[in-house]
Amino acid sequence: MSADLLAAVAKQESRFTPGVRSAAGAVGLLQLMPETAAELAGRPLAAAELEDPERNAVLGAQYLRQLLLLWHGNPLLVAASYNAGPGAVASWISPLLNRAPELWVEAIPYPETRLYVKKVVGNLWSFQEPRLPRCPG
């Protein structure tokens, strides 16, 4: 599991704000739906548990790990699945994904997911970018 990918998703989902809730019911740092979190944890979780950044990050990392395995590490498919669900994403796979991934992203039929993928991948690149040495001063 890539810490950079986890951070890229958390930045997009919550701007690193642990107690945030969405109108759709997603909770916490990685905006987990309570049903998804319960499935990952093997039991229902109280909202306070999902607001705990450590617990939320562990569950979010677990879900991202599952998506990485499902999509053989492809960050575009992982990001799209995190937003729209793996079932929807499976129906969008085409040869364009490997031939011209940037065009595949532009062809995502859900505008929210299309923008989400661009932002998560942009976050990922910024976290992976090597830091330039600073001048002593």
Side-chain angles (χ1 to χ4, degrees):
M1 170 69 232
S2 161
D4 290 335
L5 180 58
L6 185 65
V9 170
K11 181 178 180 185
Q12 193 56 41
E13 289 291 341
S14 69
R15 297 287 183 247
F16 304 113
T17 307
V20 70
R21 292 175 186 237
S22 76
V27 180
L29 197 61
L30 285 140
Q31 288 293 279
L32 295 169
M33 293 300 287
E35 299 78 20
T36 302
E39 185 177 315
L40 293 164
R43 66 175 177 80
L45 299 169
E49 289 180 277
L50 286 178
E51 290 173 355
D52 173 56
E54 185 175 339
R55 183 72 170 139
N56 195 282
V58 166
L59 292 170
Q62 187 178 341
Y63 186 49
L64 282 171
R65 191 176 309 110
Q66 289 177 2
L67 294 174
L68 283 163
L69 288 170
L70 175 66
W71 299 122
H72 308 287
N74 185 310
L76 299 175
L77 295 174
V78 169
S81 293
Y82 200 91
N83 183 260
V89 173
S91 72
W92 305 337
I93 294 177
S94 72
L96 198 56
L97 178 62
N98 292 322
R99 201 172 54 243
E102 67 284 1
L103 295 178
W104 181 85
V105 170
E106 290 301 327
I108 292 173
Y110 299 175
E112 176 187 332
T113 302
R114 186 180 326 120
L115 181 60
Y116 180 87
V117 170
K118 291 176 189 180
K119 290 188 179 234
V120 168
V121 171
N123 292 343
L124 180 59
W125 287 340
S126 72
F127 290 134
Q128 291 177 334
E129 182 177 300
R131 304 293 177 228
L132 297 174
R134 294 181 183 229
C135 295

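None of these values were measured; they are calculated from a predicted model. Numbers here are sequence positions counted from 1.
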Membership question, hydrophobic clusters at under 4.5 Å side-chain separation (ILVMFWY): are Val20 and Leu30 in the same one? no
Backbone of Lys11 reached by a side-chain donor or acceptor of Arg15 within 3.5 Å: yes
Output for pair (Glu13 CD, Leu6 CG), nearest 0.5 Å, gives 11.0 Å
Closest heavy-atom pair, Leu67 versus Ser81, reported as atoms and distance to 0.1 Å, is CD2-CB, 3.8 Å
ask   = Any idea how Tyr82 and Tyr116 line up, ring-wise: parallel (<30°), tilted (30 to 60°), or perpendicular (>60°)?
value = parallel
- request: Report yes or no: do Met33 and Val120 belong to one cluster of Ile/Leu/Val/Met/Phe/Trp/Tyr joined by side chain heavy-atom distances under 4.5 Å?
  value: no
Item to check | Any donor-acceptor pair under 3.5 Å from Asn83 side chain to Val117 backbone | outcome: no
Rounded to the nearest 0.5 angstrom, the CG-CH2 distance for Leu97 and Trp104 is 5.5 Å
d(Ile93 CD1, Leu77 CG) to nearest 0.5 Å is 5.0 Å
query = If two hydrophobic side chains count as joined below 4.5 Å and joins carry through other members, does Leu103 share a cluster with Leu76?
reply = yes
Open item on the list: Tell me whether Asp4 contacts the main-chain N or O of Leu124 through its side chain, where contact means a donor paired with an acceptor under 3.5 Å.
Closed with: no
Correct closest heavy-atom pair for Arg21 and Val27 would be CG-CG2, 4.2 Å
Residues Ala84 and Ala88: closest non-hydrogen pair is O-CB, 3.8 Å
Point to revise | More than 12 heavy atoms of other groups within 6.0 Å of Glu39 CD | key: no
Here the gap from Asn123 atom CG to Leu5 atom CG, rounded to the nearest 0.5 Å, amounts to 10.0 Å
Tightest non-hydrogen contact, residues Gln66 and Leu40, listed as NE2-CD2, 3.5 Å
Decide whether Val89 and Leu69 are clustered together by the hydrophobic rule: side chain heavy atoms of Ile, Leu, Val, Met, Phe, Trp, Tyr closer than 4.5 Å, transitively. no
Next on the checklist: Surrounding NZ of Lys118 (heavy atoms of other residues, nucleotides or ligands, distance under 6.0 Å), is the total greater than 12?
Outcome noted: yes
Rounded to the nearest 0.5 Å, the CG atom of Leu32 sits from the CZ atom of Arg55 at a distance of 10.0 Å
Interatomic distance, OH@Tyr63 vs CG@Leu68, rounded to 0.5 Å, equals 11.5 Å
side-chain contact (heavy atoms from CB on, under 4.5 Å) test vs Leu59 passes for just one of Thr36, Asp52, Leu45, namely Leu45
Between Ala80 and Trp92 the two heavy atoms that sit nearest each other are CB-CZ3, 4.4 Å
*Under 3.5 Å donor-acceptor, Gln31 side chain and Gly28 backbone*: yes
Looking only at heavy atoms, the pair that brings Leu50 and Ala37 closest together is CD2-CB, 3.4 Å
